[in-house]
Amino acid sequence: MTGTEQVGRAVDAVARCWIDHADELTKLDSAIGDGDHGTNMKRGAEAVLAERDAIVARPLPSALQDIGHVLVESIGGAAGPLYGSFFLSLGRTVSLHPNRDDWNMGLRDAVSAVARRGNASPGEKTMLDVLVSAESAFSHGLDAAGIEAAASEAAESTIPMLARRGRAAFLSERSIGHMDPGALSSALAVAAICRVWEDAP
Amino acid sequence: MTGTEQVGRAVDAVARCWIDHADELTKLDSAIGDGDHGTNMKRGAEAVLAERDAIVARPLPSALQDIGHVLVESIGGAAGPLYGSFFLSLGRTVSLHPNRDDWNMGLRDAVSAVARRGNASPGEKTMLDVLVSAESAFSHGLDAAGIEAAASEAAESTIPMLARRGRAAFLSERSIGHMDPGALSSALAVAAICRVWEDAP
Amino acid sequence: MKKFVNRIDDAAAEGLAGFAAAYPDHVVLGENARFVRRRHTVPGKVALISGGGSGHEPLHAGFVGTGMLDAACPGHIFTSPTPGQVEAAMGAVEVGAGCLLIVKNYAGDRLNFAMAAEAADRAVQTVVVGDEVLVGSSADGERRGLAGTLVVEKILGASAERGLDLKMLRELGERVVERTRTIGVTLSSCSPHFVRGPTVELGPEEIEFGVGIHGELGRRRASLRPARALVDDMVAAIIADTGSLAGEEILLFVNGLGATPLMELHLMFGLAEEALSAAGARIVRRLVGTYVTSLDTAGCSLTVTRLDAEMTAAWDEPVDTPALRWGC
Amino acid sequence: MKKFVNRIDDAAAEGLAGFAAAYPDHVVLGENARFVRRRHTVPGKVALISGGGSGHEPLHAGFVGTGMLDAACPGHIFTSPTPGQVEAAMGAVEVGAGCLLIVKNYAGDRLNFAMAAEAADRAVQTVVVGDEVLVGSSADGERRGLAGTLVVEKILGASAERGLDLKMLRELGERVVERTRTIGVTLSSCSPHFVRGPTVELGPEEIEFGVGIHGELGRRRASLRPARALVDDMVAAIIADTGSLAGEEILLFVNGLGATPLMELHLMFGLAEEALSAAGARIVRRLVGTYVTSLDTAGCSLTVTRLDAEMTAAWDEPVDTPALRWGC
Ligand SMILES: Nc1ncnc2c1ncn2[C@@H]1O[C@H](COP(=O)(O)OP(=O)(O)O)[C@@H](O)[C@H]1O
Ligand SMILES: Nc1ncnc2c1ncn2[C@@H]1O[C@H](COP(=O)(O)OP(=O)(O)O)[C@@H](O)[C@H]1O
Ligand SMILES: [Mg+2]
Ligand SMILES: [Mg+2]
Ligand SMILES: [Mg+2]
Ligand SMILES: [Mg+2]
């Protein structure tokens with residue numbers, strides 16, 4: 001499968017996943033936020049799907065940056081700029097035909113771009129906790145299943161955390177006991193990508 | 001028992017009755033009105049009770065007119081002017097020591113004062129239906145129990161009526177099947193007065 | 001229904017006291033809060049006095065001030081004020097040119113204001129406001145006084161400032177009432193302080209069509225549908241009452257009944273403008289917001305006034321009241 | 001929760017379209033409704049731009065016009081607008097004196113407005129509004145941007161009309177934020193279009209104390225008590241944050257969160273004025289009404305701004321926007 005075909009299938013899988021789990025994300029964001037994360041991610045997914053063919057037809061770096069722009073201009077809220085920064089950064093660093101090391105470097109930069117943009121660090125009950133875990137699993141050479149598990153565990157790990165960033169931070173202790181909605185949307189995306197990667201490495 | 005003593009006991013009985021049945025009147029007025037008849041009549045009762053001794057100390061005609069003024073300035077809404085007109089008229093026509101015929105003429109004038117003030121006629125699902133029945137029972141020489149029964153039946157008779165006056169008239173057919181709140185407050189008052197009258201004719 | 005309140009019986013009085021505290025430059029509370037009057041009366045001007053039960057805020061006290069009312073008499077919640085309150089208000093604001101009483105078409109309001117007018121030893125005239133669109137079988141019935149009351153008070157207020165006398169004002173008022181039609185829809189009834197729970201229970205898919213402003217039953221129960229369908233029904237009911245609006249210059253006023261967010265009122269306004277334009281009407285003046293309410297009722301009303309030059313000019317005149325302010 | 005709506009996803013856009021239709025003389029919708037701008041810009045004036053998720057109406061688009069904002073960017077319900085919207089607004093209303101972005105203190109608002117500022121090829125400065133009173137353990141935390149945003153926008157709007165430059169406006173804005181504190185209380189949370197039922201379930205005797213304007217959980221759950229007790233707690237929390245208000249000249253602004261009737265807001269205003277006066281504060285300016293909301297939330301907020309001469313003068317300047325209008 002060509003690179004762009006794989007990107008296309010990843011885009012479809014992530015978008016499908018965010019759309020299918022919108023209600024779940026809404027429920028989480030209702031508990032410690034304002035309830036819009038589900039519709040925000042669904043809107044972002046639909047916007048990318050609407051331009052999927054054009055995006056996939058472009059060279060990988062541009063395709064990834066296009067995805068970033070589309071997400072920034074469609075999701076809104078805190079999640080938009082953060083997911084946008086991730087793909088914009090990834091698109092700027094990966095080469096045309098990246099090998100695992102190229103992806104490794106690209107993902108590392110993308111995760112730190114998110115951290116920088118959101119001025120957050122791991123352990124603050126945000127999507128960053130999942131992105132950091134997934135990236136580190138990838139950089140340690142784990143396979144798709146291993147990376148997916150790391151992401152899922154990271155999402156679970158946000159439940160006991162005290163939120164220090166984002167809307168949930170306003171609740172202090174009351175944020176404890178709930179999974180962070182952005183952490184789940186990130187873990188869902190990682191899982192979707194891993195499955196596509198697994199089917200056609 | 002002197003006249004004024006009897007008026008005092010009648011005032012206490014009617015006021016006590018309106019206060020005790022406030023919730024019931026509220027429920028009826030919620031069904032086909034705006035729900036305030038219970039509190040309106042309770043407020044009127046409390047206002048008269050507050051001036052009870054001063055009122056009772058005065059000659060009967062003035063006492064009745066004072067009751068009318070107090071009710072007008074305390075009940076408000078449609079019920080205020082109507083109950084007020086009743087007592088104002090009664091106070092203007094009864095003599096200092098009225099016999100049954102004097103009361104008869106006074107009550108007849110008072111009921112027509114209410115009809116004039118409200119521009120209503122019997123059968124329009126208002127308090128007038130009860131006042132007319134009670135007055136006619138009185139004028140036909142019935143005893144306290146008979147008058148009380150007539151009033152109570154008249155209140156029941158408003159249930160199938162289509163309201164043509166007051167707030168309930170706006171509901172047309174939807175007013176059918178509910179007792180008119182003003183009819184109940186009038187029937188309660190008649191019953192209270194009859195019992196006082198019965199104990200000490 | 002949870003409320004910000006201390007003693008239930010004091011809810012209206014404490015609300016009025018807070019209102020007066022909030023607008024010291026505009027209004028003054030009459031003796032033991034029997035009425036609210038504008039701070040500065042205008043020599044020679046006809047005094048405009050209105051009032052009614054509390055629970056419709058900002059109506060009527062919110063419309064006391066330059067270009068609108070001289071005084072408003074607030075009764076208890078949903079209970080018309082007493083003749084004594086109206087008489088006291090007349091005594092406070094009448095300056096020799098007589099009083100025009102603006103009375104909504106309810107038995108309580110008409111009875112109490114009539115007793116005040118009878119007892120008054122000054123020139124008093126009355127305009128009864130009945131702007132409700134009659135729906136179905138009630139075609140011959142009485143029209144309730146609804147949100148159109150604001151339009152009447154604004155147009156009469158400006159005209160009184162311009163010096164119209166009592167008779168001309170009453171006639172203008174009656175003409176405005178004739179050309180003003182309102183229809184309301186409720187999604188959930190209000191829960192008055194004296195009623196445990198809502199006055200009318202509506203199911204999740206039920207609405208009341210053709211409603212008043214006292215939480216009472218409307219003309220008929222209907223089912224909840226998308227806003228466009230509701231607006232089309234409301235506009236159709238208005239036109240069935242007024243006759244064709246084709247070519248008419250109209251004021252469109254979409255009013256919230258107390259607990260409907262502005263986003264939804266704006267949405268209904270846009271749909272109403274579309275529907276009326278499609279019916280050939282020309283919207284030349286516009287108002288949208290929560291002005292004539294029924295405590296915490298979720299719902300809204302559409303008011304259409306067929307304007308003429310005099311009414312449009314009066315509508316445009318400056319007004320400076322707590323709830324309505326433009327041009328000064 | 002029943003609403004006036006067509007398609008759920010179109011609720012905000014159709015509300016905005018209705019808003020623009022209702023105020024044709026005040027505002028113009030930007031290309032595919034990405035922003036709302038005032039009809040007439042003022043040459044040489046610093047452009048004031050704000051925005052945020054929809055659902056807070058009339059904030060922010062209702063404050064576009066003379067003496068307040070030049071443009072407002074509405075996002076989806078409770079979702080910050082995108083950088084592209086802010087950039088488009090800047091392009092439409094900046095007239096050479098730069099843009100001041102007024103940004104409420106939420107991650108989404110700050111992230112999106114920051115990306116727009118970074119991409120802009122014009123002078124841009126930002127004022128972050130965090131006026132929330134911090135309660136208990138969160139003493140060191142972030143302050144949410146609440147109803148005080150209106151005060152900041154009014155004072156900066158007037159000052160920009162008077163010709164203050166970008167730097168002076170930003171400094172004034174930061175000073176106003178520093179001197180403005182808001183605390184809110186919710187009786188029942190809102191039911192956003194995308195959430196089946198309320199965001200937060202509150203029992204019949206429960207309230208949320210120290211709330212935001214997105215229907216989210218507040219600082220703590222508390223029990224419903226008489227209004228006077230609630231106001232005393234709110235004022236105590238404000239003073240615990242600001243320090244004594246004795247001798248201070250203050251603006252008191254009591255704001256409805258969307259579904260609270262005016263009678264209750266007036267009642268809360270009266271109690272707040274009493275409590276603050278008892279604490280030695282002098283109330284010199286007043287505002288009460290439903291201005292900065294959270295869809296259909298039943299609740300209210302108390303905002304206190306410690307005024308100085310410059311702020312008071314700016315507050316008094318004429319303003320002509322859809323939601324706030326005096327002096328012109
Ligand atoms: N500063 C931040 N750094 C990293 N992630 C953040 C930050 N702020 C918010 N988030 C993420 O955004 C998610 C919320 O997204 P969303 O609900 O769409 O935005 P909003 O909070 O503006 O409504 C949170 O669950 C969290 O994972
Ligand atoms: N025109 C009228 N003639 C006689 N009785 C009337 C008339 N209008 C109203 N009523 C009586 O008043 C009662 C309602 O009183 P109340 O609820 O206190 O006033 P309101 O309708 O103003 O809220 C009705 O039940 C009816 O009996
Ligand atoms: Mg959210
Ligand atoms: Mg009633
Ligand atoms: Mg009533
Ligand atoms: Mg949000």
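To find a chain, count down the sequence lines: A is the first, B the second, and so on, and within it residues start at 1.
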Subject >> Passing option when D:Phe4 is tested against C:Val185, C:Ile207, C:Leu224, C:Leu265 for side-chain contact (heavy atoms from CB on, under 4.5 Å) >> reply: C:Val185
Donor-acceptor contacts, no H, no angles, side chain residues 269-276 of chain C, under 3.5 Å, sequence neighbours left out:
unit_1   : atom_1 : unit_2   : atom_2 : d
C:Glu273 : OE1    : C:Arg286 : NE     : 3.0
C:Glu273 : OE2    : C:Arg286 : NH2    : 2.9
C:Glu274 : OE1    : C:Arg228 : NH1    : 3.0

Subject >> Engaged part of C:Pro24 at the chain D interface, taking heavy atoms whose separation is under 4.5 Å >> reply: side chain
**OP:** Answer with side chain, backbone, both or neither: which region of D:Ile77 has an atom nearer than 4.5 Å to a non-hydrogen atom of chain C?
**Re:** side chain
Original post:
Top residue by heavy-atom pair count (under 4.5 Å) with chain C, among D:Val288, D:Thr297, D:Leu267?
Top reply: D:Leu267
Original post:
Relative to chain D, which of C:Gly289, C:Ala323, C:Gly15 shows the most heavy atom pairs under 4.5 Å?
Top reply: C:Gly15
Original post:
With a 4.5 Å heavy-atom cut-off, do D:Lys2 and C:Leu202 have their side chains touching?
Top reply: yes
Original post:
Do the non-hydrogen side-chain atoms of D:Leu262 and C:Phe19 ever get within less than 4.5 Å of each other?
Top reply: no
**OP:** State, to 0.1 Å, how close D:Asn6 and C:Pro226 come at their nearest heavy-atom pair, and which atoms those are.
**Re:** OD1-CB, 3.5 Å
Original post:
Around C:Arg39, counting heavy atoms of other residues, nucleotides and ligands shown, do more than 12 lie under 6.0 Å from its CZ?
Top reply: yes
Original post:
CZ of D:Arg325 to CG of C:Leu324: how many Å apart, nearest 0.5 Å?
Top reply: 8.0 Å
Subject >> Winner by heavy-atom pair count (cut-off under 4.5 Å) against chain D, out of C:Met1, C:Glu205, C:Glu206, C:Arg7 >> reply: C:Glu206
**OP:** Measure C:Ala22 against the heavy atoms of chain D and call it side chain, backbone, both or neither at under 4.5 Å.
**Re:** both
Subject >> Which portion of C:Leu295 sits near chain D, non-hydrogen atoms under 4.5 angstrom >> reply: both
Original post:
Checking C:Pro58 against chain D: side chain, backbone, both or neither under 4.5 Å from a heavy atom?
Top reply: both
Original post:
Of C:Glu57, C:Glu14, C:Lys3, which is the lone residue that meets side-chain contact (heavy atoms from CB on, under 4.5 Å) with D:Glu264?
Top reply: C:Lys3
Subject >> Proximal component of D:Cys300, with respect to chain C [non-hydrogen, under 4.5 Å] >> reply: both
**OP:** With a 4.5 angstrom heavy-atom cut-off, could you sort out which part of D:Leu230 is near chain C: side chain, backbone, both or neither?
**Re:** side chain
**OP:** For the pair C:Asp296 (side chain) and D:Pro261 (backbone), establish whether a donor and an acceptor sit closer than 3.5 Å, ignoring hydrogens and angles.
**Re:** no
**OP:** Report the option among C:Asp25, C:Leu187, C:Asp320 that has the most heavy-atom pairs separated by less than 4.5 Å from atoms of chain D.
**Re:** C:Leu187
Original post:
So with a 6.0 Å cut-off around CZ of D:Arg225, is the heavy-atom count from everything else above 12?
Top reply: yes
**OP:** Could you tell me which of C:Ala17, C:Ala298, C:Pro204 has the largest number of non-hydrogen atom pairs under 4.5 Å with chain D?
**Re:** C:Pro204
**OP:** Name all residues meeting the salt bridge (Lys or Arg N to Asp or Glu O under 4.0 Å) criterion together with C:Asp232; count only those two or more places apart in sequence or in a different chain, and write none if there are none.
**Re:** none
**OP:** Evaluate the side-chain proximity of C:Ser54 to D:Met263: yes if any heavy-atom separation is below 4.5 Å, no if none is.
**Re:** yes
**OP:** Would you indicate whether D:Arg221, at its atom CZ, is surrounded by more than 12 heavy atoms from other residues, nucleotides or ligands within a distance under 6.0 Å?
**Re:** yes
**OP:** Give, as side chain, backbone, both or neither, the part of C:Ala13 having an atom under 4.5 angstrom from any heavy atom of chain D.
**Re:** neither
